[in-house]
Asks: 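Structure in structure tokens, see below.
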Amino acid sequence: MGALSPWHIILIAIVALLLFGPNKLPELGRGFGKMFREFKDATNGNGSNSTTDDPPTIARKEINPEVSNSESNK
């Protein structure tokens, strides 16, 4: 199966125009563009909700001085 020829693209455009009408096509184009852009950003890790810019959190053990002093006195 090869790439789409210009005739295939024209046929797809005509069918889309008949199905959705000229008023709905710009909205659909913007929606698909936004969807592909978000997908690309998510796969590249460039998304706005990416946590790569956040500093890593280090798990630390809580130290309670009252407990450690009472244990050492025993």
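Residue indices begin at 1 and follow the sequence shown.
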Asks: Mind checking side-chain contact (heavy atoms from CB on, under 4.5 Å) for Leu17 and listing every partner two or more places apart, or none if nothing turns up?
Replies: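 Leu17: side-chain contact (heavy atoms from CB on, under 4.5 Å) contacts with Pro22, Leu25.
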
Asks: Which pairs, with at least one residue in residues 2-21 and sequence neighbours excluded, count as a salt bridge (charged side-chain N to carboxylate O under 4.0 Å, His left out)?
Replies: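 Applying salt bridge (charged side-chain N to carboxylate O under 4.0 Å, His left out) to every pair that reaches into residues 2-21, excluding sequence neighbours, yields nothing.
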
Asks: Under a single-linkage rule joining Ile, Leu, Val, Met, Phe, Trp and Tyr whose side-chain heavy atoms are separated by less than 4.5 Å, which residues share a cluster with Phe32?
Replies: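 Via sub-4.5 Å side-chain contacts, Phe32 links to Met35, Phe36.
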
Asks: Quick one: which residue pairs count as a side-chain hydrogen bond (donor to acceptor under 3.5 Å, both in side chains) with a foot in residues 4-14, not counting sequence neighbours?
Replies: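 side-chain hydrogen bond (donor to acceptor under 3.5 Å, both in side chains) check on residues 4-14 returns Ser5-His8.
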
Asks: Which residues satisfy the side-chain contact (heavy atoms from CB on, under 4.5 Å) test with Ile14, sequence neighbours excluded?
Replies: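 Ile10, Leu18.
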
Asks: According to salt bridge (charged side-chain N to carboxylate O under 4.0 Å, His left out), does anything in residues 2-18 pair up with another residue at least two apart or in another chain? List the pairs.
Replies: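 The answer is none; no pair qualifies.
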
Asks: Under 4.0 Å between a side-chain nitrogen and a carboxylate oxygen: does that hold for Arg30 and Glu27?
Replies: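 No.
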
